Amino acid sequence: MSKLDKTSSAPIKTRMTGAEVLVECLVREGVDVVFAYPGGASMPIHQALSHEPKIRTILPRHEQGGAFGAEGYGRVTGKVGVCISTSGPGATNMITAIADAYLDSTPMVAITAQVMRSLIGRGAFQETDVFGMTAPIVKHSYLVTEPEDLPRIMKEAFYIASSGRPGPVVIDMPKDVQEALFTPDFDQEMDLPGYSSTLPIPTAELEAIIPLIEQAKRPVIYSGGGIISAEASAELLEFAERTQIPVATTLMGIGSIPETHPLSLRWLGMHGAVFANNAVNEADLVIALAARFDDRVTGAVDKFCPDSTIIHIDYDACEINKNKKVAYPIRANVKEALQVLNASLVAKGWERKSSDFTRTPEWLKQIEEWKTQFPFSYEDRKGYIAPQAVIEELYRQTKDLDPIICTGVGQHQMFAAQFYKFQKPRRLATSGGLGSMGYGLPAAMGATVAYPDKLVVNIDGDGSLLMNIQELATIHVERMPVKCIILNNQHLGMVVQWEDLKYDSNRAQTFLADPHDSYDPTHMTESVIYPNYPQVCAGFGIKCERVLRIEELPDAITRMIQSPEAYVLDVMVPHDVHVLPMILGGMSYKDVILERIAGDGSAKSASELGKEIPTAL
């Protein structure tokens, strides 16, 4: 017997297995793709997925790759990404990506299979306490002990993951629950006492900000990734243009305001723009929007904005006054808060302008002078391909194509953020809070699945790419036209940079090629290059082209872009290029390093560093 469900075109069986109920719940939540790797404990789920035409099930080649794929999907769409694993090592392989989603506030539901209920706690084969291990890195965890609870749990999981401050939710599902046969009640109500995604709008507190803006001589907006999570980019741009206040974003907030806009300060922090760091730290009024004052932005917290009046608007009460004490803490949905502020400005007759700004002219003039004096720049050495030049050429050729850029973690990540100017939100997918190497390639898979007709480019390093290079197989068999640029310097470049600063350039396991080969780091084009990426990619059935000379670069990027299939560019770059500017941990914006760090640990900075080098990265 069957009946026709209200929200599904397919007949729903009266009695279903837990796995079938799970899949039907995914359909009801609007899920159209899952990244799932099977195993003994999760076979019932995969059998149910194989019979559901509404869901595309993508088989990654490693559970971490699948979870990063789900995270990339969630990052570029704002929708919940879904990943599934078997028990034990399958579940633990996803933990890094779950933690990454937690720190970067990415909506994700991770479903892990578990051993049978009767075996839990007995040290059974491939049993791990996923519920306990993930507790500190999720918004919520579920262990499904009663099959009949599954429809309610699934509703709650997707609601929690996507509401408020987004984040990951784990559902641990024993195998016998998957196999249990029962009559599901899909109309169950959620049971979330104490949890609400809505906040009252503090209109009076918000309107009290307007006089502060009117009085400010040097105002700045400091915008975090929460602007993008809240889909508040349009409201932010209106607010900036009505108040004529320049905007500095965090790395996670890149794209929340067009980076070519005259009010854009690009991004601030350890490797951010000098003019952004100067403006924020020397402002008399800082309006922090959905940002968390993390250490990579602030440096020494006590030296961050020392003379500024700080307003902090954030959804998460835990973030307010956590790292930096502020004068005006306001808990609110940032989108709603900006709508209230914009309405107040309209009522007061504040005109919206995209140029010819007349408020705080001396302040804006000072910022323009900083932009001229301290642009993102690099040394262009003859005979080498500067990694920054690769990003500039990619930007030149793709800026009108509205691509999605994904990155791994390392120097290439910073170069991509510095030299690619993003115009829209959700066009950069990168690992911010956790800094997970191996993120870029699988995240690009997720972005491509979400937007199959859009150009998706993964900018990676040779070290970071190797972390999840197996996903080239997934990309090939799933016919994903992912493009990938490897900035290949044969080293762990960011760690090398710190070795130059702190350890007299002594290389301690940061050289990735074969030390027994005749590698000459001063003549990259004549060196033995390892691994041989063109051969590796050929084994996966993917075209790979090596670029050795700068004159080859433009045409190679064009061929990559125009390829209807996946394409990898292996671009050889020198290993002794540093990401600049750079503010060391524990230092202030005044201590920014502007020139390449010498191997003896000396460095030129905006002020004297002194003899002591901080021990923290």
Side-chain angles (χ1 to χ4, degrees), residues 33-43 45-47 49-50 55-75 81-101 108-113 126 128 130 406-409 429 431 436-450 452 456-486 512 531-544 565-568 570:
V33 61
V34 299
F35 294 82
Y37 200 102
S42 64
M43 286 178 63
I45 296 174
H46 281 263
Q47 288 297 308
L49 285 169
S50 71
I55 297 178
R56 178 183 179 184
T57 302
I58 293 176
L59 171 66
R61 271 29 180 199
H62 190 282
E63 290 90 352
Q64 184 184 104
F68 276 144
E71 191 183 358
Y73 177 93
R75 183 73 61 80
V82 179
C83 51
I84 303 173
S85 79
T86 191
S87 65
T92 59
N93 280 344
M94 293 204 301
I95 285 180
T96 294
I98 293 169
D100 196 271
M108 185 166 77
V109 167
I111 300 167
T112 57
Q126 291 193 334
T128 55
V130 178
C406 303
T407 81
V409 167
S431 174
S436 305
M437 293 176 68
Y439 173 92
L441 190 65
M445 293 194 316
T448 300
V449 170
V456 177
V457 182
N458 171 44
I459 299 170
D460 229 321
D462 50 318
S464 190
L465 180 69
L466 279 174
M467 293 281 187
N468 274 311
I469 198 170
Q470 76 285 337
E471 298 312 324
L472 288 175
T474 309
I475 288 168
H476 175 70
V477 300
E478 292 287 344
R479 303 296 188 265
M480 298 177 181
V482 172
K483 310 302 188 292
C484 180
I485 294 178
I486 310 171
L512 295 174
N532 190 320
Y533 280 108
Q535 289 186 359
V536 170
C537 292
F540 285 108
I542 290 177
K543 171 70 175 178
C544 178
E565 300 173 336
Y567 204 101
V568 177
D570 183 23

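Because the structure is a prediction, the values reported are computed rather than measured. The first residue of the sequence shown is numbered 1, and numbering continues consecutively from there.
- By the salt bridge (Lys or Arg N to Asp or Glu O under 4.0 Å) test, R479 is found to be paired with no residue, residues two or more places apart in sequence or in another chain being considered.
- Applying the side chain to side chain donor-acceptor pair (under 3.5 Å) criterion to Q470, with sequence neighbours excluded, gives N468.
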Hey, can you pull the donor-acceptor pairs under 3.5 Å for the side chains in residues 86-98, sequence neighbours left out?
{"from": "T86", "atom 1": "OG1", "to": "A41", "atom 2": "N", "distance (Å)": "3.3"}
{"from": "S87", "atom 1": "OG", "to": "Q126", "atom 2": "O", "distance (Å)": "2.9"}
{"from": "T92", "atom 1": "OG1", "to": "G88", "atom 2": "O", "distance (Å)": "3.4"}
{"from": "T92", "atom 1": "OG1", "to": "P89", "atom 2": "O", "distance (Å)": "3.1"}
{"from": "N93", "atom 1": "ND2", "to": "E63", "atom 2": "OE1", "distance (Å)": "2.9"}
{"from": "N93", "atom 1": "ND2", "to": "P89", "atom 2": "O", "distance (Å)": "3.2"}

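- Once rounded to the nearest 0.5 Å, the distance linking CE of M480 with CG of L472 reads 11.5 Å.
- Pairs engaging residues 456-475 under the salt bridge (charged side-chain N to carboxylate O under 4.0 Å, His left out) rule: none recorded [sequence neighbours left out].
- Closest non-hydrogen pair, G461 versus I486, comes out as C-CG2, 4.0 Å.
- Put simply, CG on L465 and CG on N458 are 7.0 Å apart, with the number rounded to the nearest 0.5 Å.
- The ring-ring contact (aromatic ring centres under 6.0 Å, His included) check on F35 picks up nothing, with sequence neighbours excluded.
- Using a 4.5 Å heavy-atom threshold, the side chains of V482 and I542 count as separate.
- Note that the CG atom of L59 and the CD atom of E478 stand 7.5 Å from one another [nearest 0.5 Å].
- What you find for I475 and A566 is that their closest heavy atoms are CG2-CB, 3.7 Å.
- Across H476 and G541, no two heavy atoms sit closer than the pair ND1-O, 3.3 Å.
- Contact record, G438 with S464: N-OG, 3.0 Å, taken as the closest heavy-atom pair.
- Listed by chain and residue number, D32, K79 satisfy the side chain to side chain donor-acceptor pair (under 3.5 Å) test with Y73 (two or more places apart in sequence, or in another chain).
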**OP:** Applying side-chain contact (heavy atoms from CB on, under 4.5 Å), run through L49 and I84 and close with a yes or a no.
**Re:** CA-CA 11 Å; L49 285 169; I84 303 173; 4.0 Å; yes
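- Under the side chain to side chain contact (heavy atoms under 4.5 Å, CB included) criterion, V456 pairs with I404, C406, A444, A447, T448, sequence neighbours left out.
- Checked against side chain to side chain donor-acceptor pair (under 3.5 Å), Y37 has no partners two or more places apart in sequence or in another chain.
- Annotation for V409 and M437: closest pair O-CG, 3.7 Å, computed over non-hydrogen atoms.
- Residues F68 and M467 form no side-chain contact, since every pair of their non-hydrogen atoms from C-beta on lies 4.5 Å or further apart.
- The CD1 atom of I58 sits 12.0 Å away from the SG atom of C83 when rounded to the nearest 0.5 Å.
- Not counting sequence neighbours, S42 has no partner by the side chain to side chain donor-acceptor pair (under 3.5 Å) test.
- Atoms CZ and OG, from R75 and S431 in turn, are 7.5 Å apart once rounded to the nearest 0.5 Å.
- Across P60 and T474, no two heavy atoms sit closer than the pair CA-OG1, 3.5 Å.
- Scored by the side chain to side chain contact (heavy atoms under 4.5 Å, CB included) test, L466 finds I469, P531, Y533 as partners (sequence neighbours excluded).
- From I485, atom CD1 reaches atom CG of D570 across 11.0 Å, with rounding to the nearest 0.5 Å.
- Scored by the salt bridge (Lys or Arg N to Asp or Glu O under 4.0 Å) test, D100 finds no partners at all (sequence neighbours excluded).
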